[in-house]
Every structure is written in C-alpha cells, then in structure tokens.
Protein chains: 2
Amino acid sequence: MRLSTRGHYGLKAMFDLAQHYGSEPIPLKTVAERQNISDNYLEQLIAILRKAGLVKSIRGSQGGYILAREPGNITVGDIIRAMEGPIAPVDCVSEVEPAECTQADSCITRTVWAKVRDRLAEVMDSISLADMLRDAENLLENKQ
Amino acid sequence: MRLSTRGHYGLKAMFDLAQHYGSEPIPLKTVAERQNISDNYLEQLIAILRKAGLVKSIRGSQGGYILAREPGNITVGDIIRAMEGPIAPVDCVSEVEPAECTQADSCITRTVWAKVRDRLAEVMDSISLADMLRDAENLLENKQ
DNA sequence: AGAAAACCTACTTTTTTACTCAGGTTTAAC
DNA sequence: GTTAAACCTGAGTAAAAAAGTAGGTTTTCT
C-alpha cells in the first residue's frame, strides 16, 4: 500500500504552487529545487498535472506554473488520481473500469477492498490544498 | 496505492482457512485450487503467514494448515502487515521505523500521509475474519 | 515401506519505477 | 532579431520489486 514517487512528488509540487498562489508563475526549476526533486523528472510529472487540468503553464521568459483553480478547490484525491490513476487497492474494485472477476458475486475479500478503497477516497477527497495551507500556518504559529 | 498479490492472495488464503476453521487441517494444494493461486507461489506466501504466527502447520500425511487463532481474533490489518510490511503510504510515515526526513517538522504533505495511514489502519484493523464469514453468510441468504 | 504433505532454498522472468538524456518549440526581455 | 529562459516530447535505461518456477528434503499417517 505505498504511493509511488509520482504521487508523492506531485503533491509536494502542488503544495509548493499553492503556497505561492496569486503571485507570478513559478518556474519549474524553482519548485524542483525547493522540493528537492530532479527538474528533468519533475518536468514529466508536471506535464501529467497539466493534462489533468490541475495546473496552468505560462511559457517563455518569466513564465512558469500556477494552479488552475484556487487551492480550496483542489483536493489531495484530485492530485493522486491524476498521478497514480483511479484509487484501487486491487483491480477488481477500481473506481473506474473494475477488472473482470469470475467470482465477483461471492468474493468476500472483494468487499473488504471496496471498503478500503472508499475510506481512502474519503480521506483524500476531504483534504484540499487550502486545508494544507491552514495546517502549515498553524504549525508555524505553534513553533514561535 | 495498490496492494501486491502477496496481500491479496494472503487474505484469500486466510479467509479460505477461516471458512473451514474447527475441522481438519487444510492442505495447501486445496487452498491453492479453491482460490485459484499457483501452489508453488502460495507455498511461499503461507510461509510468511506461518512465521507471523497467523497460521499453524501440521506436517506429514493428512497434514495441512489451520488458523493459529479463532477468526474473530485475526484482522485484515494483521494479515496485510504480515504480507506487505508496516502500513505506510510513504516511508516517512511508516508505522514502524519511519524513514528520516530532514524537513519532518515543517513538511505538510507528511501530515497528509499520516492521516491516510491512520485511516487505512483503522479500516483494516476493524475487519476480522469472523466479520467476513458473517458477510459471506448474509450474501448467501440474500441470494436465495 | 509408501504416500501425502509440509518445508526450504535458489533461480528466473516480467513488470514497474524512477529516472536520464537529447533535442525540440515557444515566448518575452533587451 | 537575438538570446536566454522556459516549456514540451519521446526515447532509453538501470535498478528494484513482484510474481512465479523448480527441485529437493523432511515429517507423519496408514
């Protein structure tokens, strides 16, 4: 039950953009440095986020990336689904196009994984980037 | 966020043993056939379950496997932890020995994954093999 | 003794992951 | 219009993990 670096880095990058939402576009290289990710690799990952409509790019000098929507309107679930595909502990309970399973109607392990899937989706969909910004602020306050 | 076949097959095998709890030991080959798993492969998997203390083996002719505890006392979480290791969407929030992270105190994505981990553990620990047996019975009744 | 079954270890193949690299295209400041 | 900074694309690759195979040894029941 691990996330790949795609999901992990994807959320990091999106959170970085959220922290600078409202100002100029952020160059990929800047995000990569701040989040400690190879920029060649991040370039590929951010392309996925762009195609999923989660970020917008501004090309050319002084260009960069910005969130496509406000942080309150983008959830962890959105990002993870974009980066890792539909949530599905096992193929036969995928959120979209579940794999065929001959014993689907009597398979009890299947109903277990459906419950796990639903809880996973529930928690990921309940956390927005705005929530994360709020958490970051609180963390900072408690430190001082 | 996928399970490997280890966890998937592991739960299937354990559920199979649960369905025959209280009678003679079940040969591995029988479980493998019923659950449609290569018996060579299942042999490796069940060795993990045995070392984790979840099943007992009876050697020799008429031998086989039985659950080490009653079905109400074995949870999906027990089985998945045995088969896949500690629950941890990313290494830095592993249930045991979380990986070092230089920004641990200010990393917000980390707190997200901790929440995901806790929900995962919660749902898996709340379902026992006995619960699954009950579900199976209900499913059967509704069919008739 | 013979058969059935667990046990053990090592090997192989396949798939996925996590990158890297090379070369392009577009834009905007100057 | 040149140049630099940025985005875009696709191919390639090394390492790791996953999934499965194979063959032999030991134990115990009959």
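To find a chain, count down the sequence lines: A is the first, B the second, and so on, and within it residues start at 1. The figures that follow rest on heavy atoms only: side chains count, while hydrogens, waters and symmetry mates do not.
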Assert: residue with more 5' nearest nucleotide on DNA chain C, out of A:S61 and B:L28, is B:L28

Atom CG of B:L42 and atom P of D:dG20 are separated, to the nearest Å, by 11 Å

Separation of C:dA10 atom C1' from B:N40 atom CG, nearest Å, is 13 Å

Rounded to whole Å, the CG-C1' distance (A:L3 to C:dT17) equals 13 Å

Once you apply a heavy-atom cut-off of 4.0 Å, does B:R2 come out as touching a base, just sugar-phosphate, or nothing? nothing

Phosphate oxygens OP1/OP2 of C:dC19: is one of them under 4.0 Å from a side-chain N or O of A:Y9? yes

Practice prompt. Determine whether any donor atom in the side chain of B:E43 lies under 3.5 Å from an acceptor atom in the base of D:dT21, or the reverse, and answer yes or no.
Written response: no

B:H8 NE2 to D:dA19 C1', in whole Å, measures 14 Å

In whole angstroms, the gap separating P of C:dA29 from CD1 of A:I58 amounts to 13 Å

Here the distance between atom P of C:dA5 and atom CD of B:E24, to the nearest Å, is 12 Å

Report task. Just call it for A:I46: base, sugar-phosphate, or nothing, with non-hydrogen atoms closer than 4.0 Å on any strand. Result -> nothing

Exercise for the section: Run the salt-bridge test on B:K115 and A:D131 with the 4.0 Å N-O cut-off and return the result as yes or no. Expected result: no

(message) Using a 6.0 Å cut-off, check whether atom CD of B:E24 has over 12 heavy atoms from anything other than its own residue.
(response) no

In whole angstroms, the gap separating C1' of D:dC7 from CD1 of A:I48 amounts to 15 Å

Next on the checklist: Ignoring hydrogens and geometry beyond distance, is the side chain of B:Q44 in donor-acceptor contact with the base of D:dT21 at under 3.5 Å?
Outcome noted: yes

Atom NZ of A:K29 and atom C1' of D:dC8 are separated, to the nearest Å, by 17 Å

A:E84 side-chain N/O to A:G7 backbone N/O, donor-acceptor pair under 3.5 Å = yes

Practice problem: Please determine if B:R110 and A:D135 form a salt bridge, counting it only when a charged side-chain N lies under 4.0 Å from a carboxylate O. | Solution: no

Return the polar atom pairs (N/O with N/O) between nucleotides 14-18 of chain D and the protein under 3.5 Å, or none.
from	atom 1	to	atom 2	distance (Å)
D:dA18	OP2	B:R6	NH2	2.7

When B:R59 and A:G60 are each assigned the nearest nucleotide of DNA chain C, the 5'-most assignment goes to B:R59

